[in-house]
Asker: 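The following block contains the structure, expressed as structure tokens.
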Amino acid sequence: DTGVSQDPRHKITKRGQNVTFRCDPISEHNRLYWYRQTLGQGPEFLTYFQNEAQLEKSRLLSDRFSAERPKGSFSTLEIQHTEQGDSAMYLCASSLAPAYYEQYFGPGTRLTVT
Amino acid sequence: GENVEQHPSTLSVQEGDSAVIKCTYSDSASNYFPWYKQELGKGPQLIIDIRSNVGEKKDQRIAVTLNKTAKHFSLHITETQPEDSAVYFCAASSGGGSNYKLTFGKGTLLTVNP
């Protein structure tokens, strides 16, 4: 079990640039979640996938954010026209039926927008 | 939606003492309550969880209790060790429909002094 992996671990970008993060879930985990964590806060739900289908998006996920999971395995989260308020840790978690509630997190991608 | 309150925000104990962290939740439909440990620069690690049909669960030095009537649950760590120092998050999930998204508290920074 290699665990959930995320890439890159750190990303520094200038305001207005686009960034893309990747998440590889635990093998055979068919559910994948994205959360965002700001300093001093707990993670907040952004969106989740059941296999390749994106089933729910939080209102935190503005139109500048898009997530995909094309083949039901890895997922990408893209932020277009980044703003300083996008600076945060972006966490990915995966889970397996029937214990969907039991979510295992990756190490996160820390985004800094300058 | 669900709201999870966690306290204290910081907790300092001497090695060997016990530590207790408390959380309350608002959604009576919530039925799954995990606890995560997050070390600096890492993603949250699931350390113990409890379902609503159980009042208490133990795993070695850690235990979680749940009072569904009062809508609160607690994490108990006995015989604390310096390596227990981390930020601890409680969370709740209703599992309603098919989401199972987690709503987190703001975290407790636990420091165990040698």
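Chain letters run A, B, ... following the sequence lines, proteins first and then strands; every chain starts at 1.
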Asker: In terms of heavy-atom contacts, does CD of B:Gln81 have more than 12 from other residues, nucleotides or ligands at under 6.0 Å?
Answerer: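 It does: B:Gln81 CD has more than 12 such atoms within range.
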Asker: Counting neighbours of CG on A:Leu60 that are heavy atoms of other residues, nucleotides or ligands and sit closer than 6.0 Å, is the number greater than 12?
Answerer: yes
Asker: Does any heavy atom of chain A fall under 4.5 Å from the side chain of B:Pro44, the backbone, both, or neither of them?
Answerer: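 Both backbone and side chain.
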Asker: According to a 4.5 Å side-chain heavy-atom criterion applied to Ile, Leu, Val, Met, Phe, Trp and Tyr, with indirect links allowed, do B:Ile47 and B:Val112 form part of one hydrophobic cluster?
Answerer: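 Yes; B:Val112 is reachable from B:Ile47 via cluster members.
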Asker: Side chain from CB out, backbone as N, CA, C, O: work out which of these in A:Arg9 comes under 4.5 Å of a heavy atom of chain B, or both, or neither.
Answerer: side chain
Asker: Under 4.5 Å between side-chain heavy atoms, hopping through other hydrophobics if needed: is there a path connecting B:Ile62 to B:Leu110?
Answerer: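 Looking at the clustering, B:Leu110 is in the same group as B:Ile62.
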Asker: Do A:Phe74 and A:Phe49 sit in one hydrophobic cluster, given that two such residues count as connected whenever their side-chain heavy atoms are within less than 4.5 Å of each other, even indirectly?
Answerer: no
Asker: Tell me, for B:Leu46 versus chain A, whether the close heavy atoms (under 4.5 Å) come from the side chain, the backbone, both or neither.
Answerer: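 Just its side chain gets close to chain A.
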Asker: Output the option from B:Gln38, B:Gln6, B:Lys42 having the highest count of non-hydrogen pairs under 4.5 Å with chain A.
Answerer: B:Gln38
Asker: Closest approach of A:Arg31 and B:Tyr100, non-hydrogen atoms and distance?
Answerer: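 Looking at all heavy atoms of both residues, the shortest contact is NH1-CD1, 3.3 Å.
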Asker: Just by distance, with hydrogens left out, do A:Tyr101 and B:Arg51 show a side-chain donor and acceptor under 3.5 Å apart?
Answerer: yes
Asker: Given a strict heavy-atom distance threshold of 4.5 Å, which part of A:Gln37 is in contact with chain B: side chain, backbone, both, or neither?
Answerer: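 The answer is the side chain of A:Gln37.
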Asker: Would a single hydrophobic cluster contain both A:Leu61 and A:Val113, if residues Ile, Leu, Val, Met, Phe, Trp and Tyr are joined by side-chain heavy-atom contacts under 4.5 Å?
Answerer: yes
Asker: Please name the pair of heavy atoms, one in A:Pro43 and one in B:Phe104, separated by the smallest distance, quoted to 0.1 Å.
Answerer: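 Closest approach of A:Pro43 to B:Phe104, heavy atoms only: O-CD1, 3.3 Å.
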Asker: Which atoms form the tightest heavy-atom contact between B:Tyr36 and A:Gln103, and what is the distance?
Answerer: OH-O, 2.6 Å
Asker: Is the shortest side-chain heavy-atom distance between B:Leu102 and A:Tyr33 below 4.5 Å?
Answerer: no
Asker: Group every Ile, Leu, Val, Met, Phe, Trp and Tyr by side-chain heavy-atom contacts under 4.5 Å, then state whether A:Leu55 and A:Phe65 land in the same group.
Answerer: no
